[in-house]
There are 2 protein chains.
Amino acid sequence: MQTPEQALASYLAARNLKMTPQRRLILREFLQSGSHVSCEDLWARVKAVDGSIGQATVYRTLKLLADSGLANPVDFADGVTRYEPHYGQEHHDHLICEQCRTSIEIVDPVIERRQEALAKRHGFVLSHHRMSLYGLCAACRAKASGS
Amino acid sequence: MQTPEQALASYLAARNLKMTPQRRLILREFLQSGSHVSCEDLWARVKAVDGSIGQATVYRTLKLLADSGLANPVDFADGVTRYEPHYGQEHHDHLICEQCRTSIEIVDPVIERRQEALAKRHGFVLSHHRMSLYGLCAACRAKASGS
DNA sequence: TTAAGTGCAAATAGTTTGCAGGGAC
DNA sequence: GTCCCTGCAAACTATTTGCACTTAA
């Protein structure tokens, strides 16, 4: 089993791209920063370690990670692209509280299977999908009814 | 059964907002423009009828329509917010070809039910959801293998 | 050695906002 | 008459790009 850094290295090598200290650092911080990091967030983390790193490099590297399959873009419908690590992880979808913005990762094998079936029926071959369920979590509902 | 325009009118009246010729025109063109219109697209259509209408008004009105429940924002993951009419229509999700950008509207009662169940299990009450399946349609796959 | 990567700043794209005038109620 | 609405242009935000310089392979 290879580490994420090795995975990135071989992805880069395979297309004549280079492993740099910046990419190594951004990858490391990305993996440690939990789910749903925006480029801005990650840039802040990365700058704390190496203040000389430019924002454009973070954008470029995150896109690279997404292409290589190590990161997945996540859409929270708020105009900011967020990414989550995708390495040796199962795919999952999101359950998002519209009040407190908490998000829970969910998977449902039945849904996944139906999605494939649906696509097939229309002649599609799926590469990926996004499913986000929006609503109110128990805590926020309690607060709302209490007030 | 009230018409969309009447629905908008009562929404506006209920909150001391006003019905204007611009809003009437934008609503009409919006309803006629099929699914998945961007603000830009709709502005073009509207300008063809009344060249004096500003882009900001279209943005503002689409947001208003979304608030009133007459329009739904749809996310195609390409950086542009699109809207689809949502009036006396059933909910549906999207199957999107990543090559030609064709989209097919889909619904699966089994998936819908599982979504509710999932949410309930986590203490959520859902207000809405978005599900988009990305892949290649039959035509594009044929083209790809042929070349 | 040399193509690729970097930081910076400027550019872009989509969307929002401030404002002065116009219009619905 | 009173607010709300409009068009315009400028502002804003997230992201991308051009460029001169640096660096991994």
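Here is how names work: the chains are called A, B, and so on, in the same order as the sequence lines, proteins then strands, and each is numbered from 1.
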Can you check whether [Y]'s main-chain N or O pairs, donor with acceptor, with [X]'s side chain at less than 3.5 Å?
| X | Y | answer |
| --- | --- | --- |
| B/Trp43 | B/Ala56 | no |
| B/Glu116 | B/Arg113 | no |
| B/Thr61 | B/Val58 | no |
| A/Arg23 | A/Lys18 | yes |
| B/Thr57 | B/Ile53 | no |
| A/Gln32 | A/Glu29 | no |

>> Membership question, hydrophobic clusters at under 4.5 Å side-chain separation (ILVMFWY): are A/Val49 and A/Leu8 in the same one?
In response: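 Yes, A/Leu8 and A/Val49 fall within the same hydrophobic cluster.
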
> Nearest 0.5 Å, what's the NE2-CZ distance between A/His36 and A/Arg82?
Replying inline: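 Rounded to the nearest 0.5 Å, the NE2-CZ separation comes out at 9.0 Å.
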
>> For the CD atom of A/Gln22 and the OG atom of A/Ser52, what is their distance to the nearest 0.5 Å?
In response: 7.0 Å

>> Contact list please: residues 10-21 of chain A against DNA chain C, heavy atoms, distance less than 4.0 Å, in numerical order.
In response: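 The answer is A/Asn16, A/Leu17, A/Lys18, A/Thr20.
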
>> Heavy atoms within less than 4.0 Å of DNA chain C: which residues of residues 37-51 of chain B have one? Give them sorted by number.
In response: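 Within this stretch, nothing sits under 4.0 Å of the strand.
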
>> With no hydrogens and no angle check, just 3.5 Å: does a side-chain donor-acceptor pair link A/His86 and A/His91?
In response: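 No, because no side-chain N or O of A/His86 sits under 3.5 Å from a partner of the opposite role on A/His91.
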
>> Is it the case that the side chains of A/His129 and B/Ser132 hold a donor-acceptor pair, with the cut-off being a distance below 3.5 Å and no angle test?
In response: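 Result is no, nothing qualifies.
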
> Just the endpoints, please: which first and last nucleotides of DNA chain D, 5' to 3', lie under 4.0 Å from a heavy atom of chain B?
Replying inline: D/dC3 to D/dC8

>> Cation-pi check for B/Phe30 against B/Arg28: NZ or CZ below 6.0 Å from the six-membered ring centre and within 45 degrees of the axis, yes or no?
In response: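 No.
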
> Which heavy-atom pair separates A/Ser103 from A/His94 by the least distance, and what is that distance?
Replying inline: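 What the structure gives for the nearest pair is OG-ND1, 4.3 Å.
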
> If you take all heavy atoms of B/Met131 and B/Leu133, which pair is closest and at what distance?
Replying inline: CG-CD2, 4.1 Å

> Where along residues 58-72 of chain A does a heavy atom fall under 4.0 Å from DNA chain D?
Replying inline: A/Tyr59, A/Arg60, A/Lys63

> Can you list, by residue number, the residues of residues 22-31 of chain B that have a non-hydrogen atom closer than 4.0 angstrom to DNA chain D?
Replying inline: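 Result for residues 22-31 of chain B: B/Gln22, B/Arg23, sorted by number.
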
> Restricting to pairs with a member in residues 127-138 of chain A, which pass salt bridge (charged side-chain N to carboxylate O under 4.0 Å, His left out), not counting sequence neighbours?
Replying inline: A/Arg130-B/Asp75

